[in-house]
Student: 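Shown below is the structure under consideration.
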Amino acid sequence: VVEVGSKRWRLDVNGRCECILMLSSVNLPGGIQRRRTYEDQLQMRTLFSEGDILTAEVHSYFGDGSMALHTRSDRYGKLNGGTIVKVPCSLVPRLKKHFVEMHEGQCVVVFGCNGYVWVGPGHMVSGATQDSSTQASVDSDDVLRKCA
């Protein structure tokens, strides 16, 4: 996340343009489906703040090359407790599933088509609905050593 703005987040996706993620394109805590209010707009930093690493899906492309993203599924959201590696886009193949579980689900590798590869603990891939206090109890360095 590069910037939190009015009803939107600007994201760096390793492309020509930065992308936008609208407040209306994310799941609210608790999986609530409702119209976004002014209070939701004030609480945007509790969902995603500057420096956060996210997984999202491309919703639409615009004529200038920019994109709109969305995280309307439980598999998309903030990535916690892992390591991100930047590789050339040509090294990341097109896959049916970009979330690969290893070591019986203890480790997850997320391959982004943009050249970002995230390696982290399996249960740390979380949407905005999971509680961060339970995520912090796992030693991510130990899990990453097992994945290597």
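For this chain, numbers begin at 1 and follow the sequence in order.
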Student: Step through the shown structure and confirm whether more than 12 heavy atoms of other residues, nucleotides or ligands are within 6.0 Å of OH on Y61.
Tutor: no

Student: When you check the gap from the basic side-chain N to the acidic O, do R72 and E57 get nearer than 4.0 Å?
Tutor: no

Student: State, with a plain yes or no, whether a side-chain heavy atom of V119 is found less than 4.5 Å away from one of C107.
Tutor: yes

Student: If you define the side chain from C-beta out and look only at heavy atoms, does anything of F99 sit under 4.5 Å from Y76?
Tutor: yes

Student: CG/N14 to SG/C89 distance, rounded to the nearest 0.5 angstrom?
Tutor: 5.5 Å

Student: Looking only at heavy atoms, what is the nearest atom pair of V109 and M102, with distance?
Tutor: CG2-SD, 3.5 Å

Student: Between W9 and F48, is there a donor-acceptor pair closer than 3.5 Å when you use the side chain of the first and the backbone of the second?
Tutor: yes

Student: Apply side chain to side chain contact (heavy atoms under 4.5 Å, CB included) to the pair V26 and H70, showing each step before the final yes or no.
Tutor: CA-CA 6 Å; V26 299; H70 72 90; over 6 Å; no

Student: Main chain of G77, side chain of T55: is a donor-acceptor contact present, judged purely on distance under 3.5 Å?
Tutor: yes

Student: Work out which heavy atom in V1 is nearest to a heavy atom in S49; give both atom names and the distance.
Tutor: CB-O, 3.3 Å

Student: Out of curiosity, I84 CD1 to L79 CG, how far, rounded to the nearest 0.5 Å?
Tutor: 7.5 Å

Student: To the nearest 0.5 Å, what is the distance between CD on E3 and CZ on R10?
Tutor: 4.5 Å

Student: What's the separation between atom CG in D40 and atom CG in L47, rounded to the nearest 0.5 Å?
Tutor: 8.0 Å

Student: Considering all heavy atoms of both residues, which atom of M67 and which atom of V58 are nearest to each other, and what is their separation?
Tutor: SD-CG2, 3.9 Å

Student: Rounded to the nearest 0.5 Å, how far apart are NZ of K78 and CD1 of I53?
Tutor: 11.0 Å

Student: In the structure I gave you, are the side-chain heavy atoms of L54 and L21 within less than 4.5 Å of one another anywhere?
Tutor: yes

Student: Taking the side chain as every heavy atom from C-beta outward, state whether P121 and Q106 have any atom pair closer than 4.5 Å.
Tutor: no

Student: Does the side chain of L69 come within less than 4.5 Å of I20's, by heavy atoms?
Tutor: no

Student: Is there side-chain contact between V92 and V87, with heavy atoms separated by less than 4.5 Å?
Tutor: yes

Student: Using a 4.5 Å cut-off on heavy atoms from C-beta on, say whether the side chain of R45 contacts that of E50.
Tutor: yes

Student: Please check: side-chain N/O of H98 versus main-chain N/O of F111, any donor-acceptor pairing under 3.5 Å?
Tutor: yes

Student: For S6, enumerate each residue passing the side-chain contact (heavy atoms from CB on, under 4.5 Å) test, keeping only those at least two apart in sequence or located in another chain.
Tutor: Q41

Student: Do the side chain of N114 and the main chain of V13 share a donor and acceptor less than 3.5 angstrom apart?
Tutor: yes

Student: Are any of the side-chain heavy atoms of E18 and L11 separated by less than 4.5 Å?
Tutor: no

Student: If you measure from CZ on R94 to SG on C113, what distance do you get to the nearest 0.5 Å?
Tutor: 4.5 Å

